[in-house]
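Starting from 1, each residue takes its place in the sequence as its number.
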Amino acid sequence: MPATLVRAACPHDCPDTCAMLVTVEDGRAVKVQGHPEHPPTNGVLCTKVSRYTERTYHPERVLHPLRRIGPKGSGRFERVSWDTALGDIAARLAAIAGPAGANAEAIVPYSYCGTMGLLQGESMAGRFFHRLGASLLDRTICTSAGSEALAATYGAKIGMHVEHFAESRLIVIWGSNSITSNLHFWSLAQQAKRAGAKLVCVDPRRTETAERCHEHIALLPGTDGALALGLMHELIVNDWLDYDYIERHTEGWPALRERALAWTPQRAAAVCGIDAGAVRSLAHAYGTTRPAAIRLNYGVQRVHGGGNAV
C-alpha cells in the first residue's frame with residue numbers, strides 16, 4: 001500500500017496549534033512533520049512533537065497497568081489487569097471519601113490539560129470529580145493569576161500579534177525560556193535580532209534563551225513586580241511617556257505614578273538582587289526604542305504576588 005499523507009493539528013496545550021503532515025504506511029504513522037505553508041509553524045515542530053512516532057512505537061512504552069511492589073525509586077512493578085488497577089484506585093478514593101462521600105472534599109483534583117481534545121482536555125475529568133464530590137479547584141493550575149491580571153488591565157486576555165515581534169527593535173523576554181517552550185516566537189525574535197534588534201531576557205535562571213540574548217537580568221525569584229516598578233520610576237522621571245495614550249486609555253494613573261516614584265532603581269535593585277545600573281539601562285532602552293515589545297510568559301505569575309507583577 002502506498003504511503004498516505006494525512007493533514008493533522010497538534011493537540012497539545014500550546015498557543016501555536018501547529019499544522020502537521022503525517023506520513024502513514026500500512027496503517028502506521030512513520031513520519032510527523034510541520035506543514036511548511038502554515039504560519040507560524042513554517043514546517044518546524046518542537047522536539048516533543050517531531051518525535052511523536054518514536055515515542056508512540058517505542059518498545060518501552062507502558063501499554064498495561066503496572067502496580068508498584070517495591071519502595072519508590074526501586075523500579076519494581078508487576079503487571080495487573082485493568083479491573084484490578086481500577087478497583088485499587090476506586091477503593092482508595094472510597095476510603096478517603098467515607099460513607100456517602102461525607103469526606104469527599106479531602107480529594108483534590110490536581111490536573112490540567114496535557115492535550116486539549118474534548119475528551120482528554122476538559123469533559124471527562126470534570127464529570128468524574130464532580131460525581132465524586134471532590135473539592136473544587138480552579139481548572140487551571142497554570143495561568144490563573146496572570147489571566148486575571150490581563151483581564152483586569154486590558155479587559156480581556158489579549159496580547160500583541162506574535163508575528164509583529166519580528167518588526168521590533170527591542171524585545172524583552174520576561175519569564176520565558178522561549179527556545180524550549182515558545183519555539184515559533186523565538187524564530188521571530190531571531191528575525192528581529194538579525195535586523196538589528198536587541199534582545200533582553202529577564203529570568204532568575206541562566207536559561208538557553210538567556211544565553212542567546214544580548215543581556216540577561218538575573219533577578220531573584222518572585223521580584224518581577226519590584227523590577228517593573230523600578231522601570232516605571234525611570235520612565236516617569238525621564239519623561240519617556242506617551243501622555244496621549246495615558247489620557248485616552250488608562251485609569252488610576254495618578255496613584256500608579258505616585259507608587260512607582262517611590263521605587264528608585266536602588267530600591268528595586270536591592271529587592272531584585274541586581275545592580276541599579278541594570279534597571280536604568282533597561283528603562284532607557286525601553287523608553288527610547290521604537291518599536292519595543294515585551295514577551296511576558298507564565299514564569300512571572302507563578303509566585304506570591306504574581307498577578308500584581310503581571
Side-chain angles (χ1 to χ4, degrees), residues 145-146 148-150 152-154 159-160 165 168-179 189 192-193 196-247 249-310:
E148 290 300 318
L150 290 177
T153 306
Y154 296 135
M160 179 172 150
F165 280 95
S168 300
R169 305 300 296 172
L170 169 70
I171 301 177
V172 181
I173 302 173
W174 201 323
S176 173
N177 187 8
S178 303
I179 293 177
K193 186 179 181 181
K198 180 179 180 180
L199 272 55
V200 178
C201 182
V202 180
D203 197 306
R205 296 174 55 238
R206 184 72 173 177
T207 62
E208 186 179 359
T209 301
E211 291 276 2
R212 303 287 184 87
C213 289
H214 296 98
E215 183 180 356
H216 173 211
I217 299 178
L219 76 179
L220 294 173
T223 63
D224 305 88
L227 176 58
L229 285 166
L231 296 174
M232 290 183 205
H233 176 282
E234 291 299 281
L235 295 175
I236 293 168
V237 299
N238 288 285
D239 204 29
W240 296 321
L241 301 173
D242 184 340
Y243 290 102
D244 178 63
Y245 183 91
I246 291 172
E247 175 65 26
H249 298 297
T250 70
E251 296 179 359
W253 164 245
L256 177 60
R257 183 181 186 278
E258 180 180 359
R259 180 74 177 274
L261 284 174
W263 282 84
T264 64
Q266 292 84 353
R267 180 184 178 186
V271 173
C272 297
I274 59 177
D275 187 80
V279 181
R280 296 191 187 94
S281 175
L282 179 56
H284 178 271
Y286 189 72
T288 60
T289 303
R290 295 289 185 275
I294 297 176
R295 175 57 177 174
L296 187 70
N297 218 330
Y298 298 144
V300 176
Q301 54 97 56
R302 290 176 177 170
V303 295
H304 180 72
N308 282 334
V310 170

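Within a 6.0 Å radius of CZ in R206, other residues, nucleotides and ligands contribute more than 12 heavy atoms. More than 12 non-hydrogen atoms from other residues, nucleotides or ligands lie less than 6.0 angstrom from CD of E211.
Looking only at distances, a side-chain donor or acceptor of D275 sits under 3.5 Å from a matching main-chain atom of G277. Proximity of a side-chain donor or acceptor of T223 to a complementary backbone N or O of A226 within less than 3.5 Å is not detected. Side chain of R267 to backbone of A262: a donor-acceptor contact under 3.5 angstrom is found. H249 places no side-chain N or O within donor-acceptor distance of the main-chain N or O of D244, the cut-off being under 3.5 Å.
Taking every heavy atom of both residues into account, G230 and A268 meet most closely at CA-CB, 3.8 Å. Heavy-atom minimum distance, H233 versus A260: CB-O, 3.4 Å. The two residues I173 and S178 come nearest to each other via the heavy atoms CG2-OG, 3.5 Å. Residue A309 comes nearest to V300 through the heavy atom pair CB-CG1, 3.8 Å, listed as atom of the first residue, atom of the second, then distance. Scanning both residues, Q301 and A145, for their nearest heavy atoms gives OE1-N, 3.3 Å.
Residues L241 and W253 have side chains in contact (heavy-atom distance under 4.5 Å, counting atoms from C-beta outward). Taking 4.5 Å as the limit, every side-chain heavy atom of M232 sits out of range of all side-chain heavy atoms of R259. Side-chain contact between T209 and D203: absent, with no pair of heavy atoms (C-beta onward) separated by less than 4.5 Å. Counting only heavy atoms from C-beta outward, the side chains of Q266 and R280 approach each other to under 4.5 Å. P291 places a side-chain heavy atom less than 4.5 Å from the side chain of R169. L227 is listed as a side-chain neighbour of W174, based on a closest heavy-atom distance under 4.5 Å. Annotation: side chain of H284 is in contact with side chain of W240 (closest heavy-atom distance under 4.5 Å). Looking at heavy atoms from C-beta onward, F165 lies in side-chain contact with M160 at the 4.5 angstrom threshold.
Rounded to the nearest 0.5 angstrom, R212 CZ and K193 NZ are separated by 8.0 Å. In this structure, L231 CG and I294 CD1 are separated by 8.0 Å, a value rounded to the nearest 0.5 Å. Here the CG-CG distance, from L229 to D224, works out to 11.0 Å after rounding to the nearest 0.5 Å. Within the model, atoms OG of S168 and NZ of K198 stand 14.5 Å from one another, a figure rounded to the nearest 0.5 Å. In this structure, SG in C213 is found 11.0 Å from CD in E208, a value given to the nearest 0.5 Å. Atoms CD1 and OG1, on I179 and T207 in that order, are 7.0 Å from each other to the nearest 0.5 Å.
Here V303 pairs with nothing under the side-chain contact (heavy atoms from CB on, under 4.5 Å) rule; sequence neighbours left out.
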